Amino acid sequence: MDWHFCKNPISPMIALQMGVILGGSLVVSGFMKLYGYTDDPNMYRWNNLPIFLHLWGLILLLLPAGWIVYLSVNTHQNGYYANSRQQIALGVVLTTILICIFYVGAMEAAFPSHRVRIAVQ
């Protein structure tokens, strides 16, 4: 048998994207809980990105799912390795964007200097 792990480099890239989304959501949520996030809006005013990633970060799994649908349609119409360089470039760009989004969200959640304490009256 001839086993080649990277014969199609797109599958590991999709797995990496899903790992970034799942891990990033856990890290952002963990940082927010660690640094005092509560559902009480009178405690802190948090930035919108960490709140979005905490509450709705897993919805970003639709990006790799949409990319899988795009690749399936493109492969069915144009052949197995049609436009593989463009597909790989799109995957690298998408992965980089996801990493940056979760990195910025985690840094905004982790550093208390980015939060403003609201005075309770």
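Note that this is a predicted model, so its numbers are computed, not measured.
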Reported CD1-to-CG distance for the pair Ile14 and Leu94, which is rounded to 0.5 angstrom: 9.5 Å
- prompt: Got Gln17 and Leu63 here, is their nearest side-chain heavy-atom distance under 4.5 Å?
  reply: no
- prompt: Do Phe102 and Ile21 have side chains that get closer than 4.5 Å, going by heavy atoms?
  reply: yes
message: Nearest 0.5 Å, please: how far is CG in Leu60 from CD1 in Ile97?
response: 11.5 Å
query: When you look at Leu49 and Val28, which way does the side-chain contact (heavy atoms from CB on, under 4.5 Å) test go after all the steps?
result: CA-CA 10 Å; Leu49 183 61; Val28 170; over 6 Å; no
query: Are more than 12 heavy atoms from other residues, nucleotides or ligands located less than 6.0 Å from atom CD1 of Ile99?
result: yes
message: If the condition is side-chain hydrogen bond (donor to acceptor under 3.5 Å, both in side chains), which residues does Ser25 pass it with, not counting sequence neighbours?
response: none
message: If hydrophobic clusters are built from ILVMFWY residues whose side chains come within less than 4.5 Å, do Leu26 and Leu55 share one?
response: no
- prompt: Do the side chains of Met32 and Ile51 get nearer than 4.5 Å, heavy atoms only?
  reply: yes
field: Closest approach of Gly105 to Pro50 (non-hydrogen atoms, all atoms of both residues)
entry: O-CG, 3.7 Å
field: Separation between CE of Met18 and OG1 of Thr95, rounded to the nearest 0.5 Å
entry: 12.0 Å
statement: Sorted by chain and number, sequence neighbours left out, side-chain contact (heavy atoms from CB on, under 4.5 Å) with Val27 holds for Phe31, Ala106
query: Say you draw a straight line from CD1 of Ile59 to CG of Leu53; how long is it, rounded to the nearest 0.5 Å?
result: 12.0 Å
